[in-house]
Structures are given as structure tokens and as C-alpha cells.
Asker: 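Got a structure for you, written out below as C-alpha cells; questions coming shortly.
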Amino acid sequence: MNTFKVANKILGRRLLTQSKRCVSSFDTVGVAGLGLMGHGIAQVAAQSNLHSSVIAFEAEQQFLDKGRARIESSVSTLVAKGKLEQDAADKLLSNITYTTNPDDLQNVDFLVEAVIENMDLKKSLYSTLGSTCKPETIFASNTSSLSITDMAEISGRPEKFVGVHFFNPVQIMKLVEVIHTKYTDPAVFDQAYKWVEDIGKVSVTCGDTPGFIVNRLLVPSLMQAMLMLDRGDATVRDIDLSLKLGAGHPMGPLHLADYIGLDTCYYIVQGWVEKYPDEPAFVIPDCLKKMIDEGNLGRKSGQGFYHWNGEKRGDPAI
Ligand SMILES: NC(=O)c1ccc[n+]([C@@H]2O[C@H](COP(=O)([O-])OP(=O)(O)OC[C@H]3O[C@@H](n4cnc5c(N)ncnc54)[C@H](O)[C@@H]3O)[C@@H](O)[C@H]2O)c1
């Protein structure tokens, strides 16, 4: 193992043990991007009652309105189901400030970025926020597959940069991977790790490796299932049934790939193949490429490895 890997391993261990001792939190939190993930992150941050305010930012008013409607609808559902008191719901909603002006983020203590998965867009945002936010602001990206290190380098504050990888749906899924790079200040990492726990999630630590822990294990396993199809080793039904009944997985890998979206799976692996051409676990199966070319994207398009009727899965399609 080289010196860098050893240093990173030791840093990871130190960060983990230190984080358990921290008690501080952030007064204000910003969330950039209020889509599928960002609206949930803003909501759980506001619901934690830890912050004097949560500032929710979108670059365009129509998307800001959409994000706000998503939060309001999610909170109404919680109230209707008796999972949240009306008073707490009102407090949660009044704790969030909505804005399209990036300057409103300049004094936040912790900024979680959940804009679309595009490195050029993220770099441009970090370059702007790096110069407008106060020097103490800690940046945290929710990226699933992009390099935290590359974003940290453009931000002008690499030592105050971490990854916080939430899972969908944010309101329900407990796990958050907290990512450090070779630049991350251990005290900064500890604050981020502690914040995740404070808002009611479970933190795990990982270095800046593609896919972090969950997707690094999960996505290549989906690709292996597809490679079995390419080779004609087994059918869609038998591959999925095997991991369900033989390994206790809640759904098979091809069912899961359809559920995630075959385009999402494809773009994650394509990015990894381009960046790490020598990593044998990163491959694009022929059947995946073919389905993308044919517009069969899984559940969202009505057909992938299975036929879909909305949320309901039908028979195998290949
Ligand atoms: N979808 C998932 O299951 C999932 C899970 C974990 C992590 N992620 C990561 O979370 C991030 C967001 O993914 P998503 O699924 O919520 O995407 P999404 O498309 O639902 O939301 C992205 C939001 O970013 C907004 N946006 C675009 N440019 C912006 C800018 N310059 N400033 C502010 N907002 C801007 C868009 O208007 C949109 O509302 C990505 O990095 C993705 O990899 C996604």
C-alpha cells in the first residue's frame, strides 16, 4: 500500500473517532438545488430544529416554486398520516427561506449542494459560491458519482469541503455517506459527520473513491448481472429470482436497475469508465447500451428489462 493510501486510511480512522466527541452544530444551513434530493435535504434540516434558518436556493423561480411545493406536499402528508404535529409542521415550513439570489447564501455556516449531476455546472457554482460565501462556510456536495476532490479544488476552500451523500427518498432513508478528501480538515469533517447524526441520519465515512461505499458495491453488481445476460448465462427472471431467494435481496439487480433508471445507471458507469479506464469493475454491458439507444430506460419509460405500468412491474421484456 502506498504512503498516500496509508495516510488516507489513518485520517479516515482519526476522523471517525474524533467525530463521536463533537457537540457543535451549524446555526444556518443552505441547500443549493431543490430537486428530488435537495427538497428532502432542506426539509430534514428544517425539521431537525437545529438551525435558526435553512436557506433554499434554486437559480430559476419556476424550479424554486417546484421545490417549495414538493416540501409543502411532503410535510402535509406527514401531518395527514399523524407523523408530524401541525405546530411542528408550521414551524418547519417557516424555518425555510426560499431564494433565487446566490448572495443570500453568503453567510450560511454549512452549504449542501444538490444540483444536477453535471461536473461543469457544479464547478461553475462552486467557483461562484467560493468567492461570495464567507470564508468559514463549509461546502458539502450530495453528488452520487463525481469526484469530491475535483469540486473541492475549484471551490477555493478545499480544506472546508466534504461530500454528504444522502439516499432517495431523503425523508425516509437513514444512511448518509460522509466523504473526506486528502484536503479535508479533520475538524470540518467532524462537524459535517456530527450534523448528519444531529438531523437524525446515520453517518458512515468514506474516502473520495468513485461511488463511495454503496454505489461502488451496488452499481458494478448491476453491471455483472447485465453481463450475464450479454453472455446468455441466465435469463432476467432467473438472475433476479436468484438474488432475491438465494441472497435475501429485496429485489433482483435487473429489477433494481429498471427502478433506478437505465439512463442513470449508464451515465454513472460511463463517467467511471472514462475516468478510470483501467478499473475492470467499471464496464458498460452491451444490453445496457442497446436499451439506452432504443429509449428503454426502465420504469420511467415503461420498458427496460421488464415491462412497467407506472409503478407496477410486469413480465421480463427481454
Ligand atoms: N436521484 C437520486 O436518487 C440521488 C441520490 C443521491 C444523490 N443524488 C445526487 O443529488 C444531486 C441532485 O440530484 P437530483 O436527483 O435531486 O436531481 P434533480 O434534477 O431532481 O434536481 C436538481 C436540481 O438542481 C437545480 N439546479 C440546476 N442548476 C442549478 C444551479 N445553478 N443552481 C441551483 N440549482 C440548480 C435544478 O433546477 C433541479 O431542481 C446530484 O448530484 C445527484 O447525483 C441523487
Asker: Residues two or more places apart in sequence or in another chain: which of them pass ring pair (Phe, Tyr, Trp, His ring centres under 6.0 Å) with H39?
Answerer: none
Asker: Partners of F167 by ring pair (Phe, Tyr, Trp, His ring centres under 6.0 Å), sequence neighbours excluded?
Answerer: H165
Asker: Can you give me the closest heavy-atom contact between M151 and M119, atom names plus distance?
Answerer: CG-SD, 3.8 Å
Asker: Mind checking side-chain contact (heavy atoms from CB on, under 4.5 Å) for K66 and listing every partner two or more places apart, or none if nothing turns up?
Answerer: none
Asker: Using ring pair (Phe, Tyr, Trp, His ring centres under 6.0 Å) as the criterion, list what pairs up with F57, not counting sequence neighbours.
Answerer: none
Asker: Taking the side chain from D109 and the backbone from T28, do they hold a donor-acceptor pair closer than 3.5 Å?
Answerer: yes
Asker: Aromatic rings W272 and F282: how do their planes relate, parallel, tilted or perpendicular, breaks at 30° and 60°?
Answerer: tilted
Asker: Please collect all ring-ring contact (aromatic ring centres under 6.0 Å, His included) contacts where either partner lies in residues 130-161, sequence neighbours excluded, each pair once.
Answerer: Y126-F139, Y126-F161
Asker: Verify, without hydrogens or angle tests, whether S74 (side chain) and R70 (backbone) share a donor-acceptor contact under 3.5 angstrom.
Answerer: no
Asker: Does the D230 side chain pair with the main chain of C287, one donor and one acceptor, at a distance under 3.5 Å?
Answerer: yes
Asker: Do side-chain atoms of E113 reach the backbone of K122 as a donor and acceptor pair under 3.5 angstrom?
Answerer: no
Asker: For A281, give me all partners under side-chain contact (heavy atoms from CB on, under 4.5 Å), at least two apart in sequence or on another chain.
Answerer: P220, E279
Asker: Decide yes or no for I318 and M291: does some side-chain heavy atom of the first lie under 4.5 Å from some side-chain heavy atom of the second?
Answerer: yes
Asker: Quick one: closest heavy-atom pair of L125 and A32, and the distance?
Answerer: CD2-CB, 4.2 Å
Asker: So S145 and E117, side-chain hydrogen bond (donor to acceptor under 3.5 Å, both in side chains) or not? Walk me through it.
Answerer: CA-CA 8 Å; S145 65; E117 189 75 333; 2.9 Å; yes
Asker: Side chains of S124 and S127: any donor to acceptor distance under 3.5 Å?
Answerer: no
Asker: Would S203 and E197 count as having a side-chain donor-acceptor pair, cut-off 3.5 Å?
Answerer: yes
Asker: Measure the acute angle between the ring planes of Y259 and W308, then classify it against the limits of 30° and 60° as parallel, tilted or perpendicular.
Answerer: tilted
